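Report on the structure given below.
FYI, side chains are in, hydrogens and waters are out, and symmetry mates aren't considered; it's all heavy atoms of this structure. Predicted, not measured: the structure shown is a model, and the values here were computed from it.
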Amino acid sequence: MNYAQEKVKPYNQEGEKSAQVEQMFDSIAPTYDKLNHTLSLGIDKSWRKKAIKWLQPFKPMRIMDVATGTGDFAILSAQLLQPDHLIGTDISEGMMEVGKVKVEKVGLSGKVSFAREDCTSLSFDNNQFDAVTVAFGIRNFADLDKGLSEMCRVLTPGGHMVILELTTPEKFPMKQLFAIYSKLIIPTIGRIMSKDNVAYEYLPQSIQAFPQGEVMRKAILKAGFSKVDIKPLTFGICTMYTATK
């Protein structure tokens, strides 16, 4: 199935979305963390903790964090879940280089590693991981169905997936407030702090285009998962999707 978000590209040029996403994140990597926490008013940290708390009862020992970026979610997962090993995968070397420095600073170099991977064609064998996570990166997938299918493939039978993604609130007044915030404030602050005129215009466009709710549930089920649950967070600004293989 084709989804609108697959056609939304950072630079609106001809060519692969994945290549443009890689170029964009390499460009904004040095300022990404500061900008991300500023734009979310720090609420993103509580969302990450909720996702990790959902995984805690399952005690996953082998975890992959897809679209890991600078490793915030990977680091927090390693600290709170205490897995044997956690690998963060991403197409942006620039983002992961920032992540490696952060991992070393908190003394997790022996537990957390990074690898450049295309989420639609992972290099890992089947049934490798007890848990797969994606925090605020799935809307950048060039092919959502392939990405979900690959995450299902590398999970062990009975393994778990948790996705956090920014979503468009549906109820008044948050819907209207979020529309103003995403169209005016996010691009303006993004341009000032990252010096990238495109990246933070792409962000609200990609949120708006990304499939939400029942459409996303159907996509997850189609990929081979079961027990899909949808939990809106902070008035629907973020949504947590959980599923079992």
Side-chain angles (χ1 to χ4, degrees), residues 1-3 5-6 16-18 21-22 25 47-48 50-52 54-56 58-69 71-78 81 83-92 95-96 99 112-167 206 210-231 238-245:
M1 183 173 174
N2 292 322
Y3 303 96
Q5 52 89 209
E6 294 171 356
E16 295 291 324
K17 175 173 179 172
S18 58
V21 168
E22 180 181 5
F25 280 114
W47 297 335
R48 289 184 177 91
K50 279 186 170 68
I52 292 167
W54 182 81
L55 282 174
Q56 276 178 327
F58 310 118
K59 297 181 171 58
M61 290 293 102
R62 296 164 297 164
I63 301 173
M64 176 168 61
D65 184 40
V66 178
T68 194
D72 271 3
F73 195 65
I75 290 168
L76 194 60
S77 295
L81 295 172
D84 291 335
H85 187 71
L86 188 152
I87 184 164
T89 62
D90 206 289
I91 58 170
S92 169
M95 295 285 274
M96 289 189 291
V112 177
S113 63
F114 293 89
R116 188 184 183 282
E117 291 278 341
D118 179 346
C119 61
T120 63
S121 182
L122 296 168
S123 66
F124 304 101
D125 291 335
N126 297 347
N127 311 319
Q128 290 292 299
F129 300 97
D130 304 312
V132 174
T133 62
V134 197
F136 315 114
I138 199 165
R139 71 179 180 279
N140 300 316
F141 284 17
D143 189 319
L144 180 60
D145 285 339
K146 276 188 181 178
L148 288 169
S149 294
E150 279 292 274
M151 289 190 288
C152 188
R153 178 183 67 78
V154 300
L155 266 178
T156 55
H160 300 90
M161 176 180 74
V162 59
I163 297 168
L164 285 173
E165 192 49 86
L166 297 170
T167 42
S206 64
F210 189 73
Q212 297 185 189
E214 289 304 313
V215 180
M216 187 62 175
R217 186 201 296 273
K218 287 177 184 175
I220 295 170
L221 289 169
K222 180 183 171 186
F225 290 95
S226 63
K227 299 179 185 175
V228 180
D229 190 49
I230 303 168
K231 186 176 180 64
C238 175
T239 300
M240 182 170 75
Y241 300 92
T242 57
T244 303
K245 179 174 177 179

Under 3.5 Å donor-acceptor, K231 side chain and M240 backbone: no
Chi angles and distances behind the side-chain contact (heavy atoms from CB on, under 4.5 Å) call for D65, S77: CA-CA 9 Å; D65 184 40; S77 295; over 6 Å; no
Basic-acidic side-chain contact under 4.0 Å: E22, R116: yes
Residue pair F73, I52: steps toward the side-chain contact (heavy atoms from CB on, under 4.5 Å) verdict: CA-CA 9 Å; F73 195 65; I52 292 167; 3.8 Å; yes
Distance in Å, L81 CG paired with I63 CD1, rounded so as to fall on 0.5 Å steps: 4.5 Å
Distance (rounded to the nearest 0.5 Å) between L166 CG and S206 OG: 8.0 Å
Heavy-atom pair of closest approach, residues A115 and M96: O-SD, 3.6 Å
Which atom of T120 lies closest to which atom of D143, heavy atoms considered: CG2-O, 3.7 Å
N/O donor-acceptor pairs under 3.5 Å from side chains in residues 219-230, not counting sequence neighbours:
residue : atom : partner : partner atom : Å
K222    : NZ   : D145    : OD2          : 3.2
S226    : OG   : T244    : O            : 3.3

Between S123 and E117, a side-chain donor and acceptor under 3.5 Å: yes
Rounded distance (nearest 0.5 Å) linking atom OH of Y3 with atom CE of M216: 8.5 Å
side-chain contact (heavy atoms from CB on, under 4.5 Å) assessment of I87 paired with Q128: CA-CA 11 Å; I87 184 164; Q128 290 292 299; over 6 Å; no
Trace of the side-chain contact (heavy atoms from CB on, under 4.5 Å) decision for F136 with R48: CA-CA 10 Å; F136 315 114; R48 289 184 177 91; 3.9 Å; yes
Side-chain (Y241) to main-chain (Q212) donor-acceptor, under 3.5 angstrom: no
Parallel, tilted or perpendicular: rings of W54 and H160 (30°, 60°): perpendicular
Considering all heavy atoms, the nearest M61-P83 contact: O-CB, 3.4 Å
H85 versus S113, closest heavy-atom pair with distance: NE2-OG, 2.8 Å
Distance (rounded to the nearest 0.5 Å) between F141 CZ and K146 NZ: 13.0 Å
Pairwise distance CG(L164) to OG1(T239) - rounded to 0.5 angstrom: 9.0 Å
Backbone N/O of T167 and side chain of R139: donor-acceptor pair under 3.5 Å: no
Spatial distance of atom CG (L122) from atom OG1 (T89) [nearest 0.5 Å]: 6.0 Å
Closest contact, heavy atoms only, M161 versus M151: SD-CE, 3.9 Å
Salt bridge (Lys or Arg N to Asp or Glu O under 4.0 Å) contacts in which one or both residues fall within residues 122-138, not counting sequence neighbours: R62-D130
pair P211-Q5: side-chain heavy atoms closer than 4.5 Å: yes
All salt bridge (charged side-chain N to carboxylate O under 4.0 Å, His left out) counterparts of D118, not counting sequence neighbours: none
Taking every non-hydrogen atom, the tightest pair across P157 and N127: CD-OD1, 3.7 Å
